[in-house]
Structure formats: C-alpha cells, structure tokens
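What follows is one structure encoded as structure tokens, with my remarks underneath.
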Amino acid sequence: MYDYDLLVVGSANADLVIGVERRPDAGETVLGSDLVVHPGGKGANQAVAAARLGARTALLARVGDDAHGRLLLDSQRAAGVDTAGVLVGGAPTGVALITVDPSGDNSIVVSPGANGRLTPDDVRAAGSLLQAARVVSAQLEIPLETVGEVVRSLAPDSRLVLNPSPPQPLPDEVLAACDPLILNEHEAKVILGEAYAGGKPEDWARLLLAKGPRSVVVTLGGEGALVASSEGISRIPAVKVRAVDTTGAGDSFTAALAWRLGLGESLSDAAAYAARVGAATATREGAQVSFPTAQEVAAL
C-alpha cells in the first residue's frame, strides 16, 4: 500500500508575471501591466495540480528562507500537499520571469536559485518518500544528476513520469525509466538531437521510443496530444476552450496524467483526462490558482 499517489521531485519558483500587448523583440522595451507574484515552478505546480484533483501528493523540493519560499510553502499546504520533503535554505527561492500576451501565450526566463541546490544527497535522504510513492514525477528545473538519483531510488513497482523541461540531452539510464516521457515539439527536437528530421509527431514519437523510454506523450497545443508505446501510437484530441493564460497548463496536464496512470488507467485514457485538465487550466490567469478540481474537470 503506497502512502502517496504521486511524489513530485522538482522545482518551486515564485512566478513574477507581467501582461504585455506583445512580447518584445531583441533590444526592444515594451510597457506591461502591474507585476503580479504567484507561487509556481514546474514541480510545485504539478504537486498543487494533483492535490487539487484529489491525489495524495507529496513534494520533494528546495526553497529559500525568504518571503517567496514562505509563499510557496503556504500554497502547497493550502492545496493539501505533504511538504515534509520541502527543504529550506541554501540559496534564494527560484524565480520565473513571465510575460503573457493577449492570446494567452507566454515567455519564461527562470533563475533556479534554491532549485539548483536540490542534490542527489537530498534525494537519498528522502528515500522513505520515494519508496512510499506509487508514481514519481520529475522535470529538469533541478540538476540532471538529481533526476538520475531519483531514477536509482524508485520503489520496485513505482512509475516515473518525466517532463524534460527545460530540455537537455538525457542519459540512457533516465530515458529507460520514463513511463512516459512527456514533451512538446521543442523539447523533442533537443532530446532527439541530430536524429530529428521534422516530419509528423508520429515520426518523432517513433524516434523517441527507439531511444529507450517505455512510453512517450507528445503534447501538441491546440491539436491535442499523441501517445506512443509498444502497443502503438494514437492521437488524443484537444478540448476546445477560450485560452486566457497557458501558464501552468503543461504542468497540470503532466500531474493529471501521472495521477490517472497511478490509478491504473491506460496511457490513452489518462492522456485524454489530462487534456481536459490542461484545457481547464488555460481558461484562467496564473498557474496554481488556475488549476481545476476534479468536479470542475467533470463539468468542462
């Protein structure tokens, strides 16, 4: 019996968000809206999204001993996330600088801060958390060597979900543990490297599977998603909504998919549910504040 449906090992950032009429070109200055600060970070976002849906969720992360760190801890606890694995100190809390245009698209620059100090030793010290989790989700806003230690510390029957963002080449050990590897087109290009030759998402998925992951999910924005495994490749249609802000939509998609896989759903069914969660997220401004409950997803 697992204590947690999902353990998220990853980043926790303060999101500093400014609305703009259009994102600036190189060397250009544009005026924007008043600055708004939200709790964010891919790891913290996924933990809140899963807990909001009803998953028993824990977070392993590092924040600074500062106001942004307290904001993040308060947000996690308010959502019902177990924060026993959140370490405090070592560097200032990570910060993401986000601009959002009227279409809801965003550009993000991340200063890792304390996220860069989440070490393999921290993962080893949290071994009891990893052994208690049915599914473990990770991203690349923490050091890659730390993700590698997560792979080596997984419980025998637990499942790793990885979103390689921001993308970088992955070692074979990490690729082989992914079930699934969740990524968009840009991330697929980086992971595939010289093997990427354009074509259709189905082509990328086949090439990605050949690199070792047990399954792959390619997110396609307004065109939905694609799932691929040894059982075949299929498309997941998009859920049509009026997007206000896509910040956090990918994180809520990943969290929902990881949770549903842990419940025993097929990859296709879990991805279809996750698409609904991501769509609901995009209809509201902000990241964590926009994540839906299971009841809100059902009503979409």
Side-chain angles (χ1 to χ4, degrees), residues 6 8 10-20 32-59 61 63-64 66-83 86 93-111 113-115 137 139 141 163 165 219 221 239 241-259 273-300:
L6 180 65
V8 181
S11 58
N13 296 325
D15 286 350
L16 278 55
V17 184
I18 300 177
V20 293
S33 66
D34 291 343
L35 175 71
V36 179
V37 180
H38 297 295
K42 289 185 178 299
N45 284 352
Q46 289 182 16
V48 168
R52 193 78 55 81
L53 291 169
R56 297 170 302 163
T57 308
L59 175 65
V63 299
D66 50 33
H68 287 157
R70 290 186 285 276
L71 170 71
L72 285 156
L73 281 168
D74 288 346
S75 175
Q76 295 291 311
R77 290 165 180 160
V81 176
D82 187 331
T83 59
V86 179
T93 300
V95 172
L97 306 177
I98 304 174
T99 58
V100 182
D101 69 19
S103 74
D105 285 335
N106 60 56
S107 295
I108 304 175
V109 178
V110 175
S111 171
N115 297 308
S137 178
Q139 324 81 39
E141 287 183 340
N163 172 219
S165 179
T219 57
V239 179
V241 295
R242 187 178 72 85
V244 173
D245 181 0
T246 60
T247 305
D251 297 329
S252 65
F253 176 97
T254 298
L257 183 131
W259 172 50
Y273 182 83
R276 296 171 66 86
V277 173
T281 299
T283 64
R284 303 172 183 170
E285 293 184 353
Q288 294 180 18
V289 294
S290 69
F291 296 151
T293 64
Q295 292 76 19
E296 289 169 333
V297 175
L300 183 65

Practice task
Could you walk me through whether W259 and T57 pass the side-chain contact (heavy atoms from CB on, under 4.5 Å) test, one step at a time?
Solution key: CA-CA 9 Å; W259 172 50; T57 308; over 6 Å; no
Between [atom1] of [X] and [atom2] of [Y], what distance do you get to the nearest 0.5 Å?
X: D15; Y: L35; atom1: CG; atom2: CG; value: 10.5 Å
X: N163; Y: L257; atom1: CG; atom2: CG; value: 11.0 Å
X: N45; Y: L72; atom1: CG; atom2: CG; value: 9.0 Å
X: Q288; Y: R52; atom1: CD; atom2: CZ; value: 7.5 Å

[X] to [Y] - nearest heavy-atom pair and separation:
X: S137; Y: T254; value: OG-CG2, 4.0 Å
X: A96; Y: I108; value: CB-CG2, 4.0 Å
X: A50; Y: L6; value: CB-CD2, 3.6 Å
X: A14; Y: T93; value: N-CG2, 4.4 Å
X: F253; Y: A274; value: O-CB, 3.2 Å
X: V95; Y: L97; value: CG1-CD2, 3.9 Å

Problem - Side chain proximity check, P292 to T281, heavy atoms < 4.5 angstrom - result: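 A side-chain contact under 4.5 Å exists here.
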Handout entry: Distance-only polar pair, side chains of T83 and Q76, donor-acceptor under 3.5 Å
Key =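 Not at all, the side chains of T83 and Q76 share no donor-acceptor pair under 3.5 Å.
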Practice task
Could you tell me whether the side chains of N13 and S11 share a donor-acceptor contact shorter than 3.5 Å?
Solution key: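 There is no such pair (donor and acceptor under 3.5 Å, judged by atom type) between the side chains of N13 and S11.
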Practice task
Begin with the C-alpha distance, continue with both residues' side-chain angles, and end with the deciding distance and a verdict on side-chain contact (heavy atoms from CB on, under 4.5 Å) for V8 and Q139.
Solution key: CA-CA 9 Å; V8 181; Q139 324 81 39; 3.6 Å; yes
Handout entry: Polar side-chain atom of N115 near backbone of A61 as donor-acceptor pair, under 3.5 Å
Key =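 No, because the side chain of N115 does not come within donor-acceptor range (under 3.5 Å) of the backbone of A61.
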Exercise for the section: Examine distances only and state if a side-chain atom of E296 and a backbone atom of T293 form a donor-acceptor pair shorter than 3.5 Å. Expected result: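 Answer holds: yes.
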